[in-house]
4 protein chains.
Amino acid sequence: MAKSRYEYVKLFEQADQCLRNCWIVVRLDGRCFHKFSSQHRFKKPNDDRALNLMNHCGKAVMKEFPDIILGYGQSDEFSFIFKKSCNLFGRRASKLMTNVTSLFSSSYVFYWKNYFNDILQYPPTFDGRVVLYPSDKNLRDYLSWRQADCHINNLYNTSFWALVQQGQYSLPDAEKKLCGTDSGDKNELLFSQFQINYDKEPAIFRKGSILLWKENVVRKRKDVVVEHVDIIGDNFWTGNSQLLS
Amino acid sequence: MAKSRYEYVKLFEQADQCLRNCWIVVRLDGRCFHKFSSQHRFKKPNDDRALNLMNHCGKAVMKEFPDIILGYGQSDEFSFIFKKSCNLFGRRASKLMTNVTSLFSSSYVFYWKNYFNDILQYPPTFDGRVVLYPSDKNLRDYLSWRQADCHINNLYNTSFWALVQQGQYSLPDAEKKLCGTDSGDKNELLFSQFQINYDKEPAIFRKGSILLWKENVVRKRKDVVVEHVDIIGDNFWTGNSQLLS
Amino acid sequence: MAKSRYEYVKLFEQADQCLRNCWIVVRLDGRCFHKFSSQHRFKKPNDDRALNLMNHCGKAVMKEFPDIILGYGQSDEFSFIFKKSCNLFGRRASKLMTNVTSLFSSSYVFYWKNYFNDILQYPPTFDGRVVLYPSDKNLRDYLSWRQADCHINNLYNTSFWALVQQGQYSLPDAEKKLCGTDSGDKNELLFSQFQINYDKEPAIFRKGSILLWKENVVRKRKDVVVEHVDIIGDNFWTGNSQLLS
Amino acid sequence: MAKSRYEYVKLFEQADQCLRNCWIVVRLDGRCFHKFSSQHRFKKPNDDRALNLMNHCGKAVMKEFPDIILGYGQSDEFSFIFKKSCNLFGRRASKLMTNVTSLFSSSYVFYWKNYFNDILQYPPTFDGRVVLYPSDKNLRDYLSWRQADCHINNLYNTSFWALVQQGQYSLPDAEKKLCGTDSGDKNELLFSQFQINYDKEPAIFRKGSILLWKENVVRKRKDVVVEHVDIIGDNFWTGNSQLLS
């Protein structure tokens with residue numbers, strides 16, 4: 001049979017199994033989302049519809065792959081943490097990253113209409129990657145890194161768009177105004193000039209979104225819930241000790 | 001700044017650059033499409049709406065990533081061939097496979113309504129992988145393998161569903177009937193029992209779909225065209241000598 | 001200059017950096033040492049000259065690469081444990097395994113005459129590999145695996161050669177005699193038939209050799225010392241708590 | 001049995017199979033050979049004893065691993081080319097590079113006395129790496145790169161040591177004298193100042209050493225022979241067409 005003559009080409013596939021006993025992180029990032037968000041008139045500095053759509057997709061991924069114990073989303077990115085002992089797809093990195101990225105992407109289009117009245121103009125693209133973390137500390141530091149990044153970007157964006165939208169600054173002038181400022185300066189600027197208490201801004205903007213499995217007492221089963229809390233300090237981890245156990 | 005303390009976790013990302021001077025193949029496969037196709041009442045043995053939707057998604061991917069010189073689709077799978085000298089994303093395997101899989105997946109949902117009247121019930125998932133082929137012969141053998149696979153499956157499915165749909169066989173009886181038969185037997189069965197000349201079946205079913213860039217003389221630019229021709233013999237390759245040059 | 005035209009071939013070298021925060025183990029194994037040991041008339045079941053030569057080579061490797069915190073040798077194999085934070089050769093796996101294997105191999109020939117009166121007949125070959133272990137438990141289990149292996153093999157070989165050398169069994173008869181026996185049976189056989197108390201056999205045969213850095217009080221510096229102790233239980237690790245700290 | 005409890009650690013070994021249908025190159029480099037050569041008083045600019053010892057080791061490696069079709073040595077480095085279809089050790093990169101590096105290293109010590117009257121003071125170390133080349137052109141360019149490198153270094157060193165040894169230059173003065181010179185300048189300097197016709201220098205210095213299998217007509221078997229010829233032009237490859245066939 002002709003088939004067998006060509007089948008040797010399967011042997012060129014190479015193994016890419018994730019090292020065992022490591023946390024597997026799959027992180028997605030929107031491709032060219034600067035353009036995508038302006039073409040779909042996302043609100044600035046944050047569009048809650050877009051963030052809630054991202055969270056909806058994140059939930060869909062976690063429900064499909066219950067080995068994911070935690071999701072973290074901010075802006076146009078999402079990280080999924082697979083439990084250390086995960087053996088899904090034999091821990092093959094390609095399978096893990098493409099399945100997650102694919103389902104997230106198709107969900108984004110599928111659930112778009114639940115969040116946006118405007119029509120989706122073209123299918124978006126996300127890229128994905130796998131990163132391994134050997135220790136619990138490394139994993140927590142990874143999540144702390146992403147949440148610190150969320151905070152830094154959001155404080156900047158909140159200040160920038162306050163200057164533009166309320167302060168009538170031009171875009172370049174707003175950029176210039178913020179150049180060289182630290183967190184304290186930006187907090188001060190927001191409060192004194194725009195009466196914005198940054199700490200009172202919605203937590204979903206400041207902290208990003210944490211997705212995790214919680215017992216739903218009414219329905220007597222586990223569900224994915226979304227929280228917008230600090231994930232850097234110890235409180236979250238002592239309160240959710242099942243995650244690292 | 002808090003950020004820097006955690007940023008070291010970036011160093012855990014590992015290099016996965018594709019070996020240079022090799023053909024890069026990204027192949028997608030539908031996940032659980034047996035269930036997906038029955039839930040969406042795909043026609044048996046082949047649903048031309050589903051195949052044309054796949055081809056539409058394949059085109060969308062090729063237009064976004066012009067380094068793809070050839071696409072080949074059949075059933076719920078699609079292969080994309082990047083040119084040997086491709087340097088997209090620095091040849092990083094993760095980036096290549098996730099971007100392609102993501103855009104294909106979001107396009108599938110986005111363009112669904114162009115091909116199906118029935119509503120899409122849930123977002124589909126595709127997985128992806130990267131395989132490298134060092135020589136032109138290896139690449140041709142890869143494509144021959146997929147097209148031979150298409151032929152074998154389609155001949156079987158055509159016979160199977162003829163027995164069921166026209167011959168009133170039960171599913172297990174149809175399976176039993178075909179057990180141990182070779183290509184000749186199936187061709188003969190189709191012709192003698194159902195007056196089906198297999199070679200006259202639509203080429204899209206027998207050969208799958210080949211997507212490639214062709215000069216559009218009218219619009220004076222290159223476009224992705226879809227063909228359903230033999231890719232195993234030399235004719236295709238001499239007629240499209242630009243592909244391997 | 002002609003050079004530059006060809007230099008692009010360097011780009012084909014691929015990254016193979018070991019995942020950070022993991023224990024790096026390099027293990028060597030003698031190639032065809034069954035033949036090598038019989039051609040050099042190694043004593044059976046154990047040749048202390050050969051084992052001491054192995055340990056000498058192990059020491060030479062550790063002195064050259066002080067990031068190695070522990071060595072474990074038995075029979076014709078040696079494992080070297082690099083500290084988790086090791087950044088030697090930028091953690092490139094190729095560099096780590098080839099440097100260690102090379103120096104071990106050249107040392108074996110170089111120090112041969114210190115242990116053997118008979119001439120070395122041809123240069124021996126060792127192969128090497130790198131394995132990563134994310135947790136302290138994984139590392140301890142690795143070393144336990146090797147020491148358990150040493151015990152099992154040595155108990156078998158001691159029994160086998162007692163039957164042959166003292167019991168006048170033929171080789172196949174000795175093999176048959178031991179077939180299906182467990183540890184208790186072999187201990188009993190050694191004691192009742194040959195008055196050998198296995199637990200009194202030299203520890204270097206039963207436990208293998210553990211090489212580690214210890215403060216040399218006299219010379220006021222760290223030296224590599226060789227011990228033949230249990231590495232499976234907790235005692236070794238509490239007594240050498242610096243290793244996992 | 002205790003063994004089985006720990007044996008899971010074997011699962012942490014990761015696959016590193018070389019992509020099929022590619023040329024496998026294993027290249028060795030002496031570690032700290034600047035120091036090694038001065039401690040063993042190697043002649044400058046070239047020590048024919050050292051080069052012949054390297055070649056002897058190269059031969060030993062090729063005889064042990066007949067899948068190596070070509071060796072190329074210069075200075076303290078050696079490259080071994082495995083045939084494309086090589087399946088030795090299942091193409092595992094670790095096995096290939098460590099076996100070759102180990103045997104080369106042990107041979108270096110073993111055969112030292114055949115070439116040097118002075119005693120070897122300590123065991124030398126070589127590192128190794130694996131590089132894959134998909135096409136014949138890539139492989140030829142790799143070898144051209146190494147031979148061009150040999151030429152460049154040797155022309156420089158010949159000039160440098162002529163200035164020092166015959167011209168009584170200090171080392172820094174010799175370096176300064178050559179700074180900014182091209183090949184022509186160095187050829188001219190050698191000829192006008194020291195009556196050295198560079199092209200008449202021994203080919204082993206200018207071209208390095210090529211090791212390949214040739215039919216030994218007398219002994220009616222294949223032997224490894226050493227040549228010092230140009231490997232950059234076409235002549236070598238047409239004259240040894242079996243290599244790339």
Side-chain angles (χ1 to χ4, degrees), chain A residues 1-3 5-10 12-14 16 25 28 31 57 60 64 89 92-95 97-112 120 122-134 138-146 148-149 151-152 182-183 232, chain B residues 1-3 5-10 12-14 16 25 28 31 57 60 64 89 92-95 97-112 120 122-134 138-139 141-149 151-152 182-183 232:
Chain A
M1 170 59 239
K3 192 183 181 183
R5 181 153 45 106
Y6 304 121
E7 218 165 2
Y8 79 92
V9 295
K10 279 190 72 166
F12 287 72
E13 299 195 16
Q14 297 191 289
D16 65 345
V25 176
L28 312 179
R31 185 166 182 259
C57 299
E64 186 67 25
F89 305 124
R92 273 179 291 165
S94 316
K95 287 275 190 184
M97 72 180 112
T98 58
N99 272 285
V100 166
T101 310
S102 173
L103 180 53
F104 195 95
S105 305
S106 61
S107 298
Y108 198 93
V109 181
F110 191 81
Y111 296 115
W112 172 270
L120 178 64
Y122 55 87
T125 309
F126 294 86
D127 68 32
R129 78 194 70 196
V130 163
V131 197
L132 301 179
Y133 291 109
N138 293 150
L139 178 68
R140 281 190 54 180
D141 286 350
Y142 170 77
L143 288 164
S144 297
W145 176 50
R146 299 323 303 144
D149 183 81
H151 165 68
I152 290 160
D182 65 13
S183 300
I232 298 178
Chain B
M1 170 59 239
K3 194 183 179 183
R5 180 152 47 108
Y6 303 120
E7 219 165 2
Y8 79 91
V9 296
K10 279 190 73 167
F12 286 72
E13 298 196 15
Q14 297 191 288
D16 65 344
V25 176
L28 312 178
R31 183 165 183 257
C57 298
E64 186 66 26
F89 305 122
R92 273 179 292 165
S94 314
K95 287 275 190 184
M97 72 179 113
T98 59
N99 271 286
V100 166
T101 310
S102 173
L103 180 54
F104 195 95
S105 304
S106 60
S107 298
Y108 198 93
V109 181
F110 190 82
Y111 297 115
W112 172 270
L120 178 63
Y122 55 87
T125 309
F126 294 85
D127 68 33
R129 76 195 70 197
V130 162
V131 196
L132 301 180
Y133 291 109
N138 293 150
L139 177 68
D141 286 350
Y142 170 79
L143 289 164
S144 297
W145 176 50
R146 300 322 303 145
Q147 194 171 58
D149 183 81
H151 165 69
I152 292 160
D182 65 13
S183 301
I232 298 178

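Below, chains carry the letters A, B, ... as their sequence lines are ordered, and counting in each starts from 1. In what follows, every heavy atom counts, from backbone to side chain, and hydrogens, waters and symmetry copies are set aside.
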Should B:Arg31 and B:Asp127 count as an ion pair when the cut-off is N to O under 4.0 Å?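 Here B:Arg31 does not pair with B:Asp127 in a salt bridge, since their nearest N and O are not under 4.0 Å apart.
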
If we define contacts as heavy-atom pairs under 4.5 Å, which of A:Asp182, A:Leu139, A:Leu120 has the most with chain B?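 Most heavy-atom pairs within the cutoff with chain B belong to A:Leu120.
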
With respect to chain B, which residue among A:Asn99, A:Ile232, A:Thr101 yields the maximal number of heavy-atom pairs within a distance under 4.5 Å?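 Top count of heavy-atom pairs under 4.5 Å with chain B: A:Asn99.
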
Please identify, among B:Gly128, B:Ser106, B:Pro124, the residue contributing the most non-hydrogen atom pairs under 4.5 Å to chain A.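 The answer is B:Ser106.
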
Measuring heavy-atom distances to chain B, does A:Tyr111 have an atom under 4.5 Å in its side chain, in its backbone, in both, or in neither?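 Only the side chain of A:Tyr111 comes within 4.5 Å of chain B.
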
Using ring centroids (six-membered ring only for Trp), state whether A:Phe126 and A:Tyr108 fall under 6.0 Å.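 Ring centroids of A:Tyr108 and A:Phe126 are less than 6.0 Å from each other.
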
Spacing of CG belonging to A:Asn138 relative to OH belonging to B:Tyr8, to within rounding of 0.5 Å: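 A:Asn138 CG to B:Tyr8 OH: 4.0 Å, rounded to 0.5 Å.
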
Partner set under side chain to side chain donor-acceptor pair (under 3.5 Å) for B:Ser105, not counting sequence neighbours: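 If we apply the side chain to side chain donor-acceptor pair (under 3.5 Å) test to B:Ser105, skipping adjacent residues, the hits are A:Ser102.
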
Identify, with sequence neighbours excluded, every residue that meets side chain to side chain donor-acceptor pair (under 3.5 Å) alongside B:Ser94.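 Side chain to side chain donor-acceptor pair (under 3.5 Å) check on B:Ser94 returns B:Asp16.
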
Would you mind checking which part of B:Phe104 comes under 4.5 Å of any heavy atom in chain A, side chain (CB onward), backbone (N, CA, C, O), both or neither?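 Answer is neither: B:Phe104 stays 4.5 Å or more from chain A.
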
